[in-house]
Every structure is written in structure tokens, then in C-alpha cells.
Amino acid sequence: MIKKILNSISDLTKSRIFVIGAFFTFLFILLIHRVFVLQVIEGENYLESFTYRIQKETELPSSRGTIYDRNGKVLAYNRLANSITIEDSSLLETNAEKNEMILRLIELIEGSGYEAVYNIPIKLYEDGTMEFTSSGNTLLRFIRNVYGKDSIDQLSEEQKNVTVEELFDYMCHGDDSTSMFGIDDSYSTKDALKIAAIRYEIYMKRYEQYLSVTVTSDISDSLVAKIKENTAELPGVSIEQDYVREYVDSQYFSNITGYCGEISEDELEEYRLAGNDSYASGDIVGKTGLEKTFEDELHGEKGSQTVYVDSLGSIIEVAERVESSPGNNLYLTIDKDYQVQAYHLLEEEIAGIILQKLSSSGDDKIDINEVYAAFIKNGIIDLDRMGEKDASELEQSIYAIYESQESSRFDVIRNLLNGTNMNSYNGCSEEEREYIELIENIITNNGILDTSKLSSADEISQLWTTGNTSLYEYLHYAIGKGAISVAAMDISDTFLDSDEIYASLTEYILLELEDNSSFSKIVYCAMLNEGAINGQQICVLLYEQGVLEKDEAYDNLVNNVVDPYTFIYDKIYNLEITPDMLALDPCSGSLVATDPDTGEVLALVSYPSYDANRISDSGYYESLLENESLPLYNRATMQKTAPGSTFKMITAAAGLEEGVITTDSYITDLIEFDKVQPSASCWSTQVSHGSIEVTDAIKESCNYFFYEVGFRLGLDSNGYYNSEYGIQRLRKYMALFGLDRTSGIELEESDPTMSDMDPVLSAIGQARNSYTPSQLARYITTVASKGNLYSLSILDKLTDPNENLLEDYAPEIIDHVDFKESTWDSIFNGMYKVIGNSSFLSVFSDLDVEVAGKSGTAQENTQRPDHGLFVCFAPYDDPEITVTVVLPYGYGSYNSGSVAKNMLAYVFHQNEATDGQRHAANVDGSTVSD
């Protein structure tokens, strides 16, 4: 049996079938083995080999340092947020593919209520016209980038003078060989510009191939989800986490912290020229305030990582990673609670002054029609909305009136230009004068009129300055002097006679006025003055345009339950309409509080202010620029005014220390000081202050007394009056109190102006004396400390991210004013008496802490109210705080004193209990003559 089986096997092995079967069996086993090796043993390696992989270098953003107040309360910090980024993807080979993908991305972004990056300086108007939004070297650098040149010098003259339309065509239109981005005509001009803006950002990083461009920042989770859902259609687009700068209670601190923004071409160039190559396009840097001043300390160090990504841009491996380093932390001397309270007090007092002056009778107060017009002039009412398709019925009806009157207003302007109306500026109506001023601003700002070519000695020039010649005569005179630039009007023919130049100038002006917002404002205000529109319509527009939220007051207004005057009064009282919205006199103010023992600034307030968190919103930023109350202007360190009678302690010190008076010297107030010509009068022109010494002179703010001191300072050794000698002696004491230099505060600050003429007028803080609130605060800090002249500071310390101290910014005593003790006593006693005199007794009577202060009133424009100033310190016998208040055009010093008193009440915890409701202060209209 076994033998039989073996024979069968032997026969089988000798057959062809066996050989073929064995061969195929071997091949099958070999195949199984190979598949096992490929899929199991070496599967991972082979999978990696066949996966699309590309190495990518990316930056890791750094967290900007935090800014704190003196008590560790956060003022500015970084918040982690999602951003959409894009980079050039090799999966998209043609311009058409790239443009189609980018438009899809833009649609997703805009569909979620966001805007894609748009940093090219080209603006498209609704009528299809375009213009450059930058000029000079900034524009030339953009043109250089578009043409791919290394420097501006490499541009041809034709390229330097390229029109916006020509540059747009070069960037967008044409095929791949004749255009930068090959955006064909199937795209609208609007879409083409949006696509070009993103393509331009990518193009600018063409030598840093794998650095991405941020398309939009701080997006919602829903938009993140949409982008991820469409990943396959958006190669090169990623969601990345970045930091967003956040400001706490920003409107109170923006004048100090400033704000951040994306680095500009100019800034990038500045950093590179300074040897700092760590910045790149798209980086966030400090633009103003401490954010800019301390950019190096706050910005931190970016990290980097080397990764491998697949065809869709997803990271499949991190090869190398260097972590970013957060910026250092900055602590300020500012007390957040003081700052907020001071801001509120200024706003409430200014609102109270407006209400006290508000009138419907057309007298010397603030006429209610001025308030209605202010909403138009100050851009609170959006005039552009009037003519839009979705405008309300009221907006459309008002716009129809505007259209019916617009042509007649152009006729008024034509008559001014063609000589039909030859009235001088002074002889024109108020509306005509506004048109003349607007025309002058347009041709000056646009480089058409070069006033440097006009001599102030010329008769026409002098007549124009005084308002005694016509616009027609002035412009012909300017042409005759070669002060009108033909090239600036884009006229190619430069060989024109004077009449042809004037005709071209007239045409240019009329074209410029067609879309000029200032022209529209003048017309709308004229319509208001003429009764074509009324106050009630203006008030209703505030609701229809979202300035106010509809409430019971709205129903009462439209149903004639309340009249517009009462409506406006109530809204101002409740601070729903604030002084900055009106930009009437007054609309602004400053308060600076310091610690006289250290020179630290406890509050540095500028009203009005702005929200730094919204500064990247172009619409909001434009509204700030349009606002005539100048919210971007840091009044505490930049706005100079005459110090008025707050200066008189310096004159007292000069007189006592120079020996021209003693503490026992009595000077009789004769009201009119006639020892110099022209003579000067005491503020009390009817009743003499009598015979008084220096402390009572400070108390009563007797101008005559200080005129006499200024005069005596000018008497030389022979008893002759020498004005130059007197002003030099007085300037010595101005400098001793620090008024010859900026205050030391670590922000941009205007240079002080010490008077260099007339020691008699200078002695009462007039003549050419002009200082910022910060400089007056340093002066009064020196008084309160009896001679310590500090370099004021808003900085406490700088720490690293782990709170290790890097630098202590203790204010420096830069000098000590060494006066006789009797001099200090006289100044202190005089300032103490100020608080107890009849003018301020009622203001400070309910304040338990003893205060020393000095008021000041300064008139700089006879057509506007006087400035109001007040400086003080408390407690009188051991000063802990100084307060300086300046209310420009604030109707005198009484109101400033009220703000100072309320600030001291808060500091010394005498008004802690409030109902949380804020409203305008109760201003009774009292005035102080000083």
C-alpha cells in the first residue's frame, strides 16, 4: 500500500503538471511574503514615501506683554484667537485657479460678517472710479513692489507717474504673461481688487515661500467650521491661533496705552534701517502711546517650527520647534479707579456747562439750533446714508430736499469764483464764508495753492488775511505770483495764460466739491437754518441711524409729547448725548493728578477719548478723524493754553526771592496799571482790592499787585524799567518750576512756551506763556513738595513674564528749588486762602480735608468762551495729592475748581455711596474773575 502511494507520488513528480504546479505555488508563496513585507513590516515607511510631503517653516507668534495699573489691575493684555491664513500652494498652478479659490475664500469670510485683508492703497468708489489712498514715498514703495523693483530709483518716470487705472490694469487684467495676477474680465472690479489685495500680500512673501499671510483675524467658531468643511477647495488656507490685543475700559486709558496695529510699509522700512530684521509684513506693533514707546519691551520674541505638510496643508510631522517668548510686563503709576472717576467727572461737568448754557431763545448762550447742526458737522448723522437705496422714508425725504438745493448752492460758489459776487470775505454771508474756507482748504491741502510763494507784504495778501478782499481777486493774485500749480491739477498743457489757468482752477474746484462731505455738511446746515429741515427730524434721525436706541423718549418725540429742545436737554443730562458728540464749546478737558512725595502720576486724563479695541474698524477710525472734538488728541500732554492766574505763585516767588517785595510789602490796587503802555487793568475794574500783601494778592488774584511785581522785576540798578531785564528775571523762576521743558511723562508732549516779552503781562500768566496740563501739574507738584522738581512719570516698573523685576522707574528729582521758608509759607497761605474766599467757599465747604489751590482764567479767542484752569493740593499741611484741571473754552475757572473738588472728594473717600447712575453735573453758571 505504502509502496503504491510512493510510486504514484514518483509518477506525479515526473509529470509536467507537478512541475508547473510547484512553480506557481512557489510564486504564490513569494507573493504572499512580499505583500506581508510591504504592508506589515515596511508598510509605514512605504506609506510615508508615497504621501505628498513638503517641508514648511512657520513662525510662532509671541504674546505681547501685559500693561497694569499701580495696583496690578489689567489695562491691556493678549487674548488667544483664531485667524485665517493663506500661503501659495503648489496645487494651484495657474492664476485662474488661484483667483477662483481666493474669491471662494472671500465669499466665506464676508458671508460670516468679516472682512478680508485689504492693504493696497487703492480705493474704489460706487461710480466705478478709483484713486490712490497714499502719496509720496509710501505710494512709490507700493508701485516699486508691484513692478518688482529693488528700489524706487529703479522705477522709470512712466512707472513713477502711473495712474491708478493703469496700475490696476497691470495688476489684474490680461493673461498670465501680461498681468501680475491674471484676473480676467469675468470678475467685477470690486472683486478683482479684493482678490488682488490678497494676491499682493502673498506676492510680498514670495522669497519667504512658506510664510503665511493673515487674511482675517479673531474669527468666530462658526467661520472656523466653514473653512475646515471646505478644506479640499481651499488649498493653502489654514486656521491658525494668534493673539489679539485687548484693552480693558479702553476709553479711559487709550491716551496712555495707545493702540497696536499691523505694521506698515513705512514702519517695516524704519525697523530694517535701524537693523531690526525680526519684523515681517503682517506683524502687530505699537502705533501710539506706551504701546509704541515700549514696543521693544512689550512685543516678545517670535518662535518658529519646521513641519511637514500634506497636499491639503495639514501638518503630518513637526520636525523642529523653537517656542516663542512672551513680552515683558509694564506696570504704571496710574490708579485705574482714579483715572475712571476723573474721566467721568470731566464729562459730567462739561455736560452740565452745556446744559446751563443751552437756550432756545437765540441769546448769547448755546442756541439749540447749534446742537442740531452739531450732529451734522460732527459726523454723528451719516449724510451718505441719506441717498442710499435702503434709506428710511425720512432720510429719503431730507435727501430730496438736499438734491433740490444742491445746484443752487453750486451757483453761489460759481458766482464767488467767476467774479459775479465780488464781496470781500467779511462782506459775505456766513454760508458763503464757509464755502470760501472750504475752497481754500481744498486747494491748499491738495498742493494746488502754495502760500509760501505769496508775500505777506503784498497788499492783496494782507487784505485776504484780514478778510477784506474777494475770493476772485485773491485767486487771480495767486496765479499772478505763480502760486497755483498747474501740474497738481493734472493738466498736461503747462503753457497756459492766466485766464486759462483760472478757468482750469475753477473747473477743478467745482469737480472737487461734487463729492466733498464738508460741502454737503454746509448745505445741510443751511437747510436747517432756513427751516427746510427741523430739529425734530434731526432728533428722529439719531434713532433711525442707530445713534440712540429706541425708547420711551422716542415715542414721546414722534408723538409730540415732548419738544425737541426738551428731548435734547434730557439726553444730554442722562449722558446719552455726550459733549464729544456735539463738539461745541466746551467739549473737552484734562485732569492730571500726582503724588507730590514721589512725582508719580496717579491720573492722566484726556476727554474725550476713544476705544482702542475698535481702532482697526475703518469706519470707526474715520469717525474719530471726522469728530471735531478730536478724541485722538491727547490733551493732557499736547494741548497748550495760557496758564492765567495759576501762574501767579511763580511771580510771587520771583518777587520775594529777588527782593522786589517782602512778605510785609503792601501794594495798593489802583485798578488801572499805567506805568507801562498800553496800560493794563485789574480784573476788578470797578472796585479796588485795596492795599494788600502777597498772600491776599494770591487769594484775590489781584492783577494789579502782580503787574507791579512784574514791573519791579524790570527795574535795573538805576531804577529804570527794562522790559528785557524783567522778563529774564521772571523766566529764571519759570525754569525753576520746570516750565522750560517737558514734564518727563513718557508720552509725546508739546514743548512749553515761556513768555519772552512784557514782564507785566507775563506776571499774570498771559503774554506768550503757554503750557500743557502735564507741565502745569509738574509745576504745582513742585509747589506742593516745597521745591522738589521731579521728572514726572507714569511708569512704575518693568518685569519679565515671571514677574522678576527688570527695571524700576522711580521718578527722578532733577532739581530742588531752594527758597526761603517765608516764601513757601506765603505761597501756601495764599493758596489756602483761595479756597476760603467768596468765589470758592461754596464749592469746597463740604470737603473735610483742607485744600490749597489757585484758579486761572485765560482768554485766547474773543469769539469763544474763556479757558478755565484750577490747580490744587491736599491736605494743605501735608500734601498727598495734587490735581490740575484744564477745561478749554470752559467758561472760566469756577467749573474747573468744581471738578478738582469732586476729584479730591473721591480720593479722600467722601462720596463712595452712589446709585450707579451718572448724569450731567449741576452747574449754576457762577464765574470767577481772575
Side-chain angles (χ1 to χ4, degrees), residues 129 131-132 135-136 161 163-164 377 402-403 405-527 529-530 628 861-863:
T129 60
E131 72 172 4
F132 288 124
S135 59
N161 297 305
T163 66
V164 64
K377 293 178 180 178
Y402 172 81
E403 285 188 307
Q405 299 202 10
E406 185 180 21
S407 61
S408 65
R409 259 58 190 200
F410 269 103
D411 288 339
V412 171
I413 294 171
R414 288 190 183 93
N415 290 338
L416 289 168
L417 291 169
N418 63 25
T420 302
N421 182 348
M422 290 290 288
N423 288 335
S424 67
Y425 174 87
N426 293 335
C428 286
S429 68
E430 182 179 351
E431 182 182 350
E432 289 169 339
R433 289 199 296 269
E434 289 184 293
Y435 293 139
I436 292 171
E437 291 169 4
L438 176 58
I439 289 168
E440 185 179 21
N441 286 336
I442 288 174
I443 60 178
T444 302
N445 294 337
N446 291 358
I448 308 298
L449 174 63
D450 184 359
T451 56
S452 67
K453 295 182 178 180
L454 305 179
S455 172
S456 59
D458 291 346
E459 180 184 4
I460 298 296
S461 184
Q462 292 175 350
L463 290 173
W464 178 254
T465 301
T466 58
N468 290 309
T469 191
S470 68
L471 177 67
Y472 180 84
E473 291 172 311
Y474 176 68
L475 292 180
H476 273 86
Y477 156 73
I479 291 172
K481 293 294 183 179
I484 298 296
S485 171
V486 174
M489 290 188 286
D490 291 329
I491 299 173
S492 57
D493 186 358
T494 57
F495 299 101
L496 303 176
D497 61 32
S498 59
D499 288 338
E500 291 172 325
I501 293 174
Y502 192 79
S504 298
L505 176 61
T506 299
E507 182 181 0
Y508 176 88
I509 290 170
L510 292 172
L511 286 172
E512 283 291 309
L513 289 174
E514 285 184 1
D515 295 315
N516 188 284
S517 62
S518 295
F519 168 75
S520 300
K521 289 178 181 179
I522 296 172
V523 176
Y524 275 105
C525 287
M527 290 161 52
N529 292 332
E530 295 168 0
E628 294 181 354
N861 186 330
T862 58
Q863 304 301 312

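By convention here, the first residue in the shown sequence is residue 1.
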**Complete:** Nearest heavy-atom approach of Gly447 to Ala488 is O-CB, 3.6 Å
**Prompt:** Who pairs with Asn516 by side-chain hydrogen bond (donor to acceptor under 3.5 Å, both in side chains), at least two apart in sequence or on another chain?
**Reply:** none
**ring-ring contact (aromatic ring centres under 6.0 Å, His included) partners of Tyr508, counting only residues at least two apart** = none
**Fill in**
side-chain hydrogen bond (donor to acceptor under 3.5 Å, both in side chains) filter on Thr129, not counting sequence neighbours, yields Asp127
**Asked** With sequence neighbours left out, what residues match Lys521 under salt bridge (Lys or Arg N to Asp or Glu O under 4.0 Å)?
**Response** Glu626
**Message:** Which heavy atom of Ala457 sits nearest to which heavy atom of Gln462, and what is that distance?
**Reply:** O-NE2, 3.6 Å
**Message:** Would the distance check show the side chain of Thr469 and the main-chain N or O of Trp464 forming a donor-acceptor pair, the cut-off being under 3.5 Å?
**Reply:** no
**Qualifying salt bridge (Lys or Arg N to Asp or Glu O under 4.0 Å) pairs with a residue from residues 466-487, counting only residues at least two apart or across chains** = Asp458-Lys481
**Message:** To the nearest 0.5 Å, what is the distance between OG on Ser470 and CD1 on Ile460?
**Reply:** 8.0 Å
**Request:** Answer yes if the side chains of Thr420 and Asn418 hold a donor-acceptor pair under 3.5 Å, and no otherwise.
**Result:** yes
**Prompt:** Quick one: salt bridge (Lys or Arg N to Asp or Glu O under 4.0 Å) partners of Arg433, sequence neighbours excluded?
**Reply:** none
**Asked** With a 4.5 Å heavy-atom cut-off, do Ile413 and Leu510 have their side chains touching?
**Response** yes
**Prompt:** How about Glu507: does its CD atom have over 12 heavy atoms from other parts shown lying under 6.0 Å from it?
**Reply:** no
**Request:** Decide yes or no for Leu505 and Ile443: does some side-chain heavy atom of the first lie under 4.5 Å from some side-chain heavy atom of the second?
**Result:** yes
**Complete:** CG (Leu416) and OH (Tyr472) are apart, to the nearest 0.5 Å, by 12.5 Å
**Message:** Enumerate the ring-ring contact (aromatic ring centres under 6.0 Å, His included) contacts for residues 412-456, please, sequence neighbours excluded, ordered by first and then second residue.
**Reply:** Tyr435-Phe519
**Request:** Enter the distance from Glu440:CD to Thr451:OG1 here, rounded to the nearest 0.5 Å.
**Result:** 8.5 Å
**Request:** Applying side-chain hydrogen bond (donor to acceptor under 3.5 Å, both in side chains), name anything that partners Ser456, two or more places apart in sequence or on another chain.
**Result:** none
**Message:** Tyr502 vs Ile484, test: side-chain contact (heavy atoms from CB on, under 4.5 Å). Steps then yes/no.
**Reply:** CA-CA 9 Å; Tyr502 192 79; Ile484 298 296; over 6 Å; no
**Request:** Start with the C-alpha distance between Tyr474 and Leu449, add both sets of side-chain angles, then the distance that settles side-chain contact (heavy atoms from CB on, under 4.5 Å), and finish with yes or no.
**Result:** CA-CA 11 Å; Tyr474 176 68; Leu449 174 63; 3.9 Å; yes
**Fill in**
By salt bridge (Lys or Arg N to Asp or Glu O under 4.0 Å), Glu459 pairs with (sequence neighbours left out) none
**Message:** Going by side-chain hydrogen bond (donor to acceptor under 3.5 Å, both in side chains), name the residues that satisfy it together with Thr506, two or more places apart in sequence or in a different chain.
**Reply:** none
**Message:** Going by the rule salt bridge (Lys or Arg N to Asp or Glu O under 4.0 Å), which residues pair with Glu406 if we only count those two or more places apart in sequence or in a different chain?
**Reply:** none
**Prompt:** For Ile448, does its backbone N or O pair with a side-chain atom of Asn446 as donor and acceptor, under 3.5 Å?
**Reply:** no
**Message:** Measuring only between side-chain heavy atoms, which start at C-beta, is Asn421 closer than 4.5 Å to Val412?
**Reply:** no
**Request:** Could you grab the distance from atom OG of Ser518 to atom CG of Asn441, nearest 0.5 Å is fine?
**Result:** 8.0 Å
**Donor-acceptor pair, side chain of Asn426 and main chain of Thr466, under 3.5 angstrom** = yes
**Fill in**
Shortest non-hydrogen pair, Ser520 vs Tyr402, comes out as OG-OH, 3.1 Å
**Fill in**
Output for pair (Glu514 CD, Ile509 CD1), nearest 0.5 Å, gives 13.0 Å
**Message:** Please report the interatomic distance CD1(Ile522) to OG(Ser517), rounded to the nearest 0.5 Å.
**Reply:** 10.0 Å
**Message:** By the salt bridge (Lys or Arg N to Asp or Glu O under 4.0 Å) test, which pairs, at least two apart or in different chains, include something from residues 409-424?
**Reply:** Arg409-Glu431, Arg409-Glu530, Asp411-Arg414
